[in-house]
Amino acid sequence: MTPSGTLFTNARLQDGGLHDIAVSNGRIDAIAPAGSAVKTADIVDIGGALLVPGFVEGHIHLDTSFYGDKWIPHKPCTDGFDVHERVAFQAENMAGAAPMAERARNQLDLCIANGSLQMRSHVMVDGSVGLTSLETILEVREAYRHLIDIQLVAFPQSGILKSPGTLELMDEAVAMGADLVGGLDPLSFDRDIKGHLDVIFGIAEKRGVDIDIHLHDAGSLGAMTIEDICARTVALGMQGHVAVSHAYGLGDLAPDAARRIAALIAKSGVSIMTNAPGNHNFPPVALLRDAGVNVFSGSDNIRDSWWPFGDGDMLHRAEIIAYRSGFYTDPALVSAFDVVTAAGARALRLEGYGIAVGAKADFVALSAEHVPEAVVAFPKPRRVFKAGRLVAENGAVLR
Ligand SMILES: [Zn+2]
């Protein structure tokens, strides 16, 4: 290793053994049994803690959280859940909130302190806010570049066809620096699956970007939309470049129907994001994974107009997924961990992810013996390293 490097000693890896990890220029140069590596001037003793890759926060909304601002009591919809009404409540709440950049920074600090070093955030783009939210979040992303890698999705929160000008705004959003095109319930929101998907896939094809679509539609409505998304993905050769977030409908299907569509999703290389929310059916994680579907996760909303929950902790998210999925065995708990780490890296197409020679030195040291224990206990004392540099400990980002 180079003299400028750092040696991380006594790190417990997922094989259970203690290792020394040599890092230089932000990358892992070598991994050797503890005590066998050449000592350098710069040594960080991991002290036998479990060292895991930085978590992948695969779905969050940096523009709409009130985390760190005043508490905003949740307002229920007047006649059952209604996305349009929730969007209106959100606009009211945001008008009286702290500046968006401040709220986004609060949320990022929370996520980084918990060990997320890679993120995908949806940012609202519609006729009412135009591109102003994206402009703000792009600036915040720049300020946090040394702490966390962030992908931004141009998210049509008010629909595309129902919100005049949104098509042009989304296209412009990508030109400005958004990394992906988003979507929202093509059937139930815009009432035009073809028109909605034409826009999304059209921009993606023209600009050469990936796609991540919010799909809350239940049962066959959701399943039908997923089938169309899969067909377009294959037709355009976009396997591995498309994600469907939430996909609640998959949780409503009988096992046979779920297995059939799971095979189609796997073949199409479409990733499914779930945060296993408490009051919804959600995708059958084990069934999907068994079929070869890439399932990843995110916090989604944190203390916003949609719900008061969220702690920015993807290890806790793995516990929620495991708990709601009935995962008890060690292999099942490890699979929940995979959802918030390696599967997220696949969905986000991250280069150099993981604890391996040549990978980025982005990792988290945890007080746990092994991954199954980490998932059930989600221990809070954590040391978070980005590019081999300590960026957070004891729940706070270091500056
Ligand atoms: Zn979302």
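Atoms within a ligand are numbered from 1 in the order they appear, just like the ligands themselves. Just so we're clear, the structure is a prediction, and the values are computed from it rather than from any experiment.
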Any N/O/S atom, backbone or side chain, of H122 lying under 2.8 Å from the Zn ion (ligand 1)?
no

(message) So that I can check it, does any N, O or S atom in H246 come closer than 2.8 Å to the Zn ion (ligand 1)?
(response) no

Taking the Zn ion (ligand 1) as the apex, H214 NE2 and H61 NE2 span an angle, rounded to 10°, of 100°

Among the N/O/S atoms of D300, the Zn ion (ligand 1) lies closest to OD1

_Pair H246 and Y248, ring centroids less than 6.0 Å apart_ = yes

* Would a line drawn from the ring center of F8 to the ring center of H19 be shorter than 6.0 Å? -> no

**Asked** Are H146 and V391 side-chain neighbours, meaning at least one heavy-atom pair lies under 4.5 Å?
**Response** no

Salt bridge flag under 4.0 Å for residues D290 and R259: no

